[in-house]
Amino acid sequence: MPTGAPAGNPVRPGRAWTMVERNLMIYRHTWPVLLAEIFEPMLYLLAFGVGVGLLVGDVPGLGASVSYPQFVAPALLATAAMNGAMNETTFNMYGKLTTDKTYESILTTPMSVRSVALGEVFWALVRGAIVATVFLVVVSIFGLAELPGALLVIPSALLIGFAFAAMGLLTVTFLRSWQDFQLIQLVMLPMFLFATTFFPLSVYPRAVQVFVEVLPLYHSVELVRAAFLGTGGGYPAIAVIYLAVLGVVALAIAVRRLEDTLRP
């Protein structure tokens, strides 16, 4: 199986962007999938943010009066960025690697494994930017986001998408069969439920708080929440560093493993 350019060649952004253009052409015919990513957090917002919000009222401990929908909305956006990136670089990419054998033909061109990997991450960022922008517009109409500061949600969503796309890329190199996707859900679902998506960190015992604070989704949620609400003090800088380092390290390891996997 040819692997195109040698593994040691530097990544050329133009070649990586070719993967984005390819995915854009495909999504012209499968655009309802992208719509589902946009509507899913909105449905959660209606069900939990509005429904439970009528019972909960304001959320204490945030330094300002914050309604429950305002508290939940940024968490759902961060979760949508996570899910979109992970789905693209795990489920979709695994299909290209195994069932469709897509990369076999791509790598007969001057495309390198590194360019393919980076291109898939770029595409995950494009999807994340679309979802974040549409979601931000909708919640702003309903007065749940503080503009113009909430515009920081867009770069925040891109960073979250990068970190989780890189982790998804790394994860797919360990998958043995389609059944292994159940193991991914076994991690993703508890993280979604406990990473301050629906409850402040203060409701947990200290031992649970320590566990939650190491979760990447927790830092993602708090980063987006700080942009939404204009709060957080110096914490956003910590979240940015955490997610950036996580993404870079995961991407570097994933590329090396993919080169070994796709090598003839």
Side-chain angles (χ1 to χ4, degrees), residues 41 44-45 48-49 52-53 55-87 89-90 128 132 152-153 155-171 173-174 180-254:
Y44 272 110
L45 183 59
F48 289 92
V52 177
L55 303 175
V56 174
D58 290 347
V59 178
L62 297 179
S65 178
V66 175
S67 68
Y68 192 68
Q70 285 179 305
F71 178 80
V72 172
L76 294 177
L77 190 149
T79 302
M82 173 189 74
N83 288 336
M86 286 291 293
N87 288 340
T89 54
T90 54
L152 291 173
V153 165
S156 297
L158 290 175
L159 179 58
I160 294 166
F162 166 69
F164 281 99
M167 285 192 292
L169 203 66
L170 178 59
T171 300
T173 65
F174 290 97
D180 285 348
F181 281 91
Q182 296 297 323
L183 300 176
I184 297 177
Q185 291 303 312
L186 192 61
V187 174
M188 300 283 284
L189 182 58
M191 187 162 56
F192 167 62
L193 294 175
F194 287 95
T196 70
T197 308
F198 300 108
F199 314 103
L201 186 64
S202 58
V203 305
Y204 299 119
R206 183 54 191 161
V208 178
Q209 289 182 17
V210 172
F211 171 73
V212 171
E213 287 171 345
V214 302
L215 298 175
L217 183 58
Y218 165 75
H219 293 277
S220 303
V221 168
E222 294 302 311
L223 178 61
V224 176
R225 190 168 279 149
F228 255 79
L229 305 177
T231 61
Y235 176 79
I238 298 174
V240 166
I241 294 171
Y242 176 99
L243 294 171
V245 171
L246 180 65
V248 169
V249 172
L251 181 60
I253 300 174

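Bear in mind the structure is a predicted one, so any value in this text is a computation, not a measurement.
- Pairs engaging residues 199-221 under the salt bridge (charged side-chain N to carboxylate O under 4.0 Å, His left out) rule: Arg206-Glu213 [sequence neighbours left out].
- For the pair Phe228/Leu77, a side-chain contact is recorded, criterion being any heavy-atom separation below 4.5 Å from C-beta on.
- Listed by chain and number, the residues in a ring pair (Phe, Tyr, Trp, His ring centres under 6.0 Å) with Tyr68 amount to none (sequence neighbours excluded).
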Might you work through the side chain to side chain contact (heavy atoms under 4.5 Å, CB included) test for Thr79 and Met82, ending with a clear yes or no? CA-CA 5 Å; Thr79 302; Met82 173 189 74; 4.0 Å; yes
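- In terms of the side chain to side chain donor-acceptor pair (under 3.5 Å) criterion, residue partners of Thr173 (sequence neighbours excluded) are, by chain and number, Arg257.
- Each salt bridge (charged side-chain N to carboxylate O under 4.0 Å, His left out) pair with one or both residues in residues 181-195, not counting sequence neighbours, would appear here, but there are none.
- By the side chain to side chain contact (heavy atoms under 4.5 Å, CB included) test, Leu243 pairs with Leu159, Ile160, Ala163, Ser220, Leu223, sequence neighbours left out.
- Applying the side chain to side chain contact (heavy atoms under 4.5 Å, CB included) criterion to Leu215, with sequence neighbours excluded, gives Met191, Ala195, Phe211, Tyr218.
- Counting heavy atoms from C-beta outward, Val59 and Gln70 have side chains that stay 4.5 Å or more apart.
- Residues satisfying the side chain to side chain contact (heavy atoms under 4.5 Å, CB included) criterion with Asp58, sequence neighbours excluded, are Ser65, Ser67.
- Under the side chain to side chain contact (heavy atoms under 4.5 Å, CB included) criterion, Tyr242 pairs with Pro216, His219, Leu246, sequence neighbours left out.
- With sequence neighbours left out, Tyr44 forms a ring pair (Phe, Tyr, Trp, His ring centres under 6.0 Å) with Phe48, Phe192.
- Inter-residue side-chain proximity for Phe162 and Val248 is flagged as met; some heavy-atom pair is nearer than 4.5 Å.
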